Amino acid sequence: MRISVVAIVMVMVCVTTVHADIQPQRDFNLQRFAGKWYRVGLAYDSPGFVPYRDRLRISMGMITPLANGNVNLTMWAVRSSGCQSRLYQYERTNTPGQFSYFSARHNKVKDITIVETNYTDYALVLKHKKFDREYTQVSLYGRSQKVKPEIIQKFKSLATSRGFPRESILTPPPAENCPPSGSGR
């Protein structure tokens, strides 16, 4: 029992210090963050992602805060079978602007940090997960499908500062009719 407690404490210390140098948005306000966002930039260091780089398109998401402080994120993205939506349930942590969620696809918990946002134009988001090694994503979200060049540069600077090579940093083209224009979104 004593070893289990020590192991749990060590895991908790490691998890909280993995990205200790990345802090969430100061005074993060979930209500202001809610609503429609477009993922207009992505930096990803997974080798499994390389074959899909050229197929990536801008995707749209809807952030819906829940009464308990958790968040539902509905994302629409173009897949080989067409425009598909997925629901992600983010659990709040003790730190505003940081969330975690269980990925059924990967059978792992992933950590999400809202690194920076002005709420009206853009958000820089860090996603972290650990499999056989650590993987990280840096995403740029915009309230519209186009963001200012200086915001794209800010995103690219954050990604390169996290060690992403330039070729892993993408600003994909728009998706056509995803979600479908008649869907009420």
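Note that these values count all heavy atoms, side chains included, but never hydrogens, waters or copies made by symmetry. Please read all numbers here as calculations on a predicted model, not as lab measurements.
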So if you build clusters from Ile, Leu, Val, Met, Phe, Trp, Tyr with side-chain heavy-atom gaps below 4.5 Å, do Tyr44 and Val125 land together? no
When you group the ILVMFWY residues by side-chain heavy-atom contacts below 4.5 Å and let the links chain together, are Met60 and Phe33 in the same group? no
Could you grab the distance from atom CG of Leu30 to atom CG of Leu66, nearest 0.5 Å is fine? 8.5 Å
Sorted by chain and residue number, the side chain to side chain donor-acceptor pair (under 3.5 Å) partners of Glu116 (sequence neighbours excluded) come out as Tyr122, Lys154
Within the structure provided, determine whether Arg162 and Ile22 are in side-chain contact (heavy-atom separation under 4.5 Å). yes
Heavy-atom closest pair (Pro65 atom, Gln31 atom, distance to 0.1 Å) is CB-NE2, 3.6 Å
Strictly distance-based, threshold 3.5 Å: is any side-chain N or O of Ser144 a donor or acceptor partner for the main-chain N or O of Lys146? yes
State the CE-CE distance between Met62 and Met75, to the nearest 0.5 angstrom. 11.0 Å
Partners of Tyr101 by side chain to side chain donor-acceptor pair (under 3.5 Å), sequence neighbours excluded? Lys127
Show the nearest heavy-atom pair for residues Ile58 and Pro172, with the distance to one decimal. CG1-O, 3.4 Å
Give the intermediate values and the outcome of side-chain contact (heavy atoms from CB on, under 4.5 Å) for residues Arg166 and Thr160. CA-CA 7 Å; Arg166 292 204 180 278; Thr160 55; 3.9 Å; yes
Is there a path of hydrophobic side-chain contacts, each under 4.5 Å between heavy atoms, that joins Leu126 and Val40? yes
Indicate the ring-plane relationship of Phe99 and Tyr90, choosing parallel, tilted or perpendicular according to the 30° and 60° boundaries. tilted
Tightest non-hydrogen contact, residues Gly142 and Val147, listed as CA-CG1, 3.9 Å
Hey, any chance Phe155 and Tyr38 share a hydrophobic cluster, counting ILVMFWY side chains that come within less than 4.5 Å of each other, even indirectly? yes
If you round to the nearest 0.5 Å, how far is OG1 of Thr113 from CG of Leu124? 12.0 Å
Do Val71 and Trp76 land in one hydrophobic cluster if side-chain heavy atoms of ILVMFWY residues count as linked below 4.5 Å? no
Ser157 side chain to Gln153 main-chain N or O, any donor-acceptor pair under 3.5 Å? yes
May I ask you to decide if Asn68's main-chain N or O and Arg92's side chain share a donor-acceptor pair within less than 3.5 Å? yes
Side-chain heavy-atom pair Phe28, Tyr119 within 4.5 angstrom cut-off: yes
Closest contact, heavy atoms only, Lys110 versus Ser103: CE-CB, 3.4 Å
Between the side chain of Arg57 and the main-chain N/O of Glu176, is any donor-acceptor distance below 3.5 Å? no
Which heavy atom of Ser100 sits nearest to which heavy atom of Thr93, and what is that distance? N-CG2, 4.3 Å
Evaluate the side-chain proximity of Ile152 to Thr171: yes if any heavy-atom separation is below 4.5 Å, no if none is. yes
Interatomic spacing from CG in Leu140 to CG in Leu42 - rounded to 0.5 Å: 10.0 Å
Any side-chain heavy-atom pair from Arg79 and Arg55 closer than 4.5 angstrom? no
Rounding to 0.5 Å, atoms CZ (Phe102) and CD (Glu91) come to a distance of 11.0 Å
Would a 4.5 Å heavy-atom cut-off, applied to side chains only, mark Thr74 and Ser85 as touching? yes
Ala123 to Trp37 - nearest heavy-atom pair and separation: N-CZ3, 3.7 Å
Given Arg53 and Leu170, is the side-chain contact (heavy atoms from CB on, under 4.5 Å) satisfied, shown in steps? CA-CA 8 Å; Arg53 290 174 42 89; Leu170 308 172; 3.1 Å; yes
Compare all side-chain heavy atoms of Pro24 with those of Thr95 and state whether any distance is below 4.5 angstrom. yes
Does Thr136 reach the main-chain N or O of His128 with its side chain, forming a donor-acceptor pair under 3.5 Å? no
Could you tell me the separation between the CZ atom of Arg143 and the CG atom of Asn118, rounded to the nearest 0.5 Å? 9.0 Å
Just so I know, are the side chains of Asp121 and Tyr141 near enough to count as touching, which here means a heavy-atom distance under 4.5 Å? no
Evaluate the criterion side-chain contact (heavy atoms from CB on, under 4.5 Å) for residue pair Gln137 and Ile112; output intermediate values, then yes/no. CA-CA 9 Å; Gln137 282 183 15; Ile112 306 292; over 6 Å; no
